[in-house]
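Computed from a predicted structure; not experimentally measured. Lettering follows sequence order; numbering is per chain, from 1.
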Amino acid sequence: MATDSWALAVDEQEAAAESLSNLHLKEEKIKPDANGNLKTNVISFKDRAAQSLLNKLIRSNLVDNTNQVEVLQRDPNSPLYSVKSFEELRLKPQLLQGVYAMGFNRPSKIQENALPLMLAEPPQNLIAQSQSGTGKTAAFVLAMLSQVEPTNKYPQCLCLSPTYELALQTGKVIEQMGKFYPALKLAYAVRGNKLERGQKISEQIVIGTPGTVLDWCSKLKFIDPKKIKVFVLDEADVMIATQGHQDQSIRIQRMLPRNCQMLLFSATFEDSVWKFAQKVVPDPNVIKLKREEETLDTIKQYYVLCSSRDEKFQALCNLYGAITIAQAMIFCHTRKTASWLAAELSKEGHQVALLSGEMMVEQRAAVIERFREGKEKVLVTTNVCARGIDVEQVSVVINFDLPVDKDGNPDNETYLHRIGRTGRFGKRGLAVNMVDSKHSMNILNRIQEHFNKKIERLDTDDLDEIEKIAN
DNA sequence: AAAAAAT
């Protein structure tokens, strides 16, 4: 019996290897490795049939899909190529120096494939999807820095972020990587950064949030959008989702010249957003890095069953000791709940920090800085911090309220983004969901079904169990 | 509901 199925598998493998190598655009053929697995890093598909064949093979475990990168090229006839080192990219020396100064030795999986496309002549448009912590930011920062001409004193690269905190974080990467360009300057187009009227800005790179950038480009004319060469949308799915910053992002995009390079990056793309992205970006190249399952594998997910908000609060207090071993983020649905929770926790003598959009930007910058430095162990926040915020010591994410969209349906994307704040760089992480009603239990079940990953019950009165999860 | 915003 066992022999039979093995024989069948070999048969299938041979057939699969043959069909795949026929469809493969690269010269190198896919061959089974010593264990008989078909391994491949880069695959371009001629058509749908090829893609569905590969998906079938992955499902039947005939192809190893760890770190698999899928690339759909705008011009399928041009050779598809990836780089294994930064030297191969022929970057300007100052830029290469910046890359190494940041401690990057070799390109990450997404960078191997995205960089050659982004740096090609003429510039190529790109829609890229890859998990957080895989080097997206560095990838598009590199693309911007390699196109910028520091001697020209006007904005040439424009990057949009969905939140103030993320703009600051990405700005830091730009500053670090570009520090060997003596004349290079970066401007932050964010709320509260007020400039004199009639002024034109001389910074070559602008990073900002949609509203302010739009004002700077249109009404206030601080930026001449016609001179932008590279346009980056970070967390692109929020930026172009109807419920997100779609209006402003699209209005900005329309002001850019036709030959402006467009780069869209996100960890998740819901179907409708994905379709929209391909409509908005002319002739896009598409890169997807499939690692969703791997991320969820390194994060243990639990839920705590309560019957009211106060019970959730009590359960949280029981957990407090365990979560402060490293750093933790606690997510609430509204700003009001967040500030209430932060105040209640303080009353109980637990030190926590609060961050939400209703606070002043200066205060927000100070809080995120303290959290980054580890001076604050626990951050109570809203969806403002659900995406992209990168603090390595975060090992616990608590959903005090489960993520739901405006219709009250489970928001799977946000769930994945939130718990993705932990378990970064392959580290282990812990996610605890607070359930306080039949309704929220139903939402949790639907999230569980969506990701097909068991979320286990946790009893916060059982100290042994808390001890267990904390270690 | 949150975020963005020189409204």
Side-chain angles (χ1 to χ4, degrees), chain A residues 158-171 187-201 206-223 232-253 266 268 270 273 309 329-342 354-365 367-368 379-389 399-418 421 434 436-437 439-440 443:
Chain A
L158 181 59
C159 177
L160 288 190
S161 296
T163 65
Y164 171 70
E165 284 76 13
L166 199 55
L168 291 189
Q169 180 177 286
T170 308
Y188 289 89
V190 292
R191 176 156 64 184
N193 191 358
K194 303 208 168 163
L195 274 66
E196 234 170 87
R197 276 198 185 271
Q199 198 184 330
K200 279 260 186 277
I201 62 168
V206 178
I207 174 138
T209 41
T212 311
V213 170
L214 183 60
D215 281 347
W216 284 23
C217 285
S218 54
K219 207 168 55 193
L220 303 167
K221 300 220 181 329
F222 294 152
I223 300 174
V232 179
L233 274 183
D234 195 8
E235 299 298 341
D237 58 339
V238 211
M239 303 303 276
I240 58 175
T242 330
Q243 283 304 318
H245 304 89
Q246 194 187 67
D247 272 21
Q248 291 168 327
S249 302
I250 297 304
R251 279 176 64 195
I252 294 165
Q253 189 230 353
S266 183
T268 54
E270 197 222 323
V273 177
R309 190 171 80 163
M329 292 173 92
I330 304 175
F331 287 97
C332 302
H333 193 221
T334 65
R335 302 163 165 193
K336 223 177 121 192
T337 311
S339 64
W340 167 83
L341 182 60
L354 171 67
L355 183 57
S356 89
E358 71 187 349
M359 292 158 59
M360 307 276 284
V361 278
E362 296 81 9
Q363 212 180 345
R364 288 169 67 170
V367 169
I368 197 80
L379 186 67
V380 179
T381 186
T382 62
N383 274 343
V384 70
C385 286
R387 289 159 178 267
I389 297 302
N399 286 320
F400 191 78
D401 299 311
L402 297 177
V404 290
D405 63 19
K406 63 164 190 0
D407 306 316
N409 290 316
D411 185 346
N412 298 312
E413 262 75 40
T414 302
Y415 182 82
L416 186 63
H417 278 286
R418 280 185 183 181
R421 295 312 96 218
M434 304 277 198
D436 64 356
S437 62
H439 176 69
S440 56
I443 286 169

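The side chain of S356(A) approaches dA3(B) more closely than any other nucleotide in the set dA1(B), dA3(B), dA4(B). Among the nucleotides dA4(B), dA2(B), dA1(B), the one closest to any side-chain atom of H333(A) is dA1(B). Nearest nucleotide to the K406(A) side chain, out of dA5(B), dA1(B), dA3(B): dA1(B). Listed candidates were dA5(B), dA3(B), dT7(B). Nearest to the side chain of R335(A) is dA3(B). Relative to the side chain of T334(A), the nucleotides dT7(B), dA2(B), dA4(B) differ in distance, and dA2(B) lies closest.
Here Q243(A) lies in heavy-atom contact (under 4.0 Å) with a base. As judged by a 4.0 angstrom heavy-atom cut-off over every strand, R387(A) is placed among residues making no nucleic acid contact.
At dA4(B), none of the side-chain N or O atoms of R251(A) fall inside 4.0 Å of OP1 or OP2 (strictly under the cut-off). Regarding contacts with the backbone of dA5(B), a side-chain N or O of T212(A) is found under 4.0 angstrom from either OP1 or OP2. Look at T209(A) and you won't find any side-chain N or O under 4.0 angstrom from OP1 or OP2 of dA3(B).
The closest side-chain heavy-atom distance from V367(A) to M359(A) is below 4.5 Å. In this structure, the side chains of T268(A) and R387(A) come closer than 4.5 Å at one or more pairs of heavy atoms. Using a 4.5 Å cut-off on side-chain heavy atoms (C-beta onward), L158(A) and I252(A) make contact.
In this pair, W340(A) and F400(A) present their aromatic rings tilted. The plane angle is within the 30 to 60° band.
For the pair F331(A) CZ and dA1(B) P, the interatomic distance rounds to 19 Å; values are reported in whole Å. Rounded to whole Å, atom C1' of dA3(B) lies 15 Å from atom CG of L214(A). Atom P of nucleotide dA2(B) and atom CE of M239(A) are separated by 19 Å, given to the nearest angstrom. Separating the CG atom of N383(A) from the P atom of dA1(B) is a distance of 13 Å, rounded to the nearest angstrom. With rounding to whole Å, N399(A) atom CG is found 15 Å from dA1(B) atom C1'. If you measure from atom CG of L355(A) to atom C1' of dA3(B), you get 12 Å, rounded to the nearest angstrom. If you measure from atom CG of L195(A) to atom P of dA5(B), you get 14 Å, rounded to the nearest angstrom. Rounded to a whole Å, the OH atom of Y415(A) is 21 Å from the P atom of dA2(B).
Within a 6.0 Å sphere centred on NZ of K200(A), heavy atoms belonging to other residues, nucleotides or ligands number more than 12.
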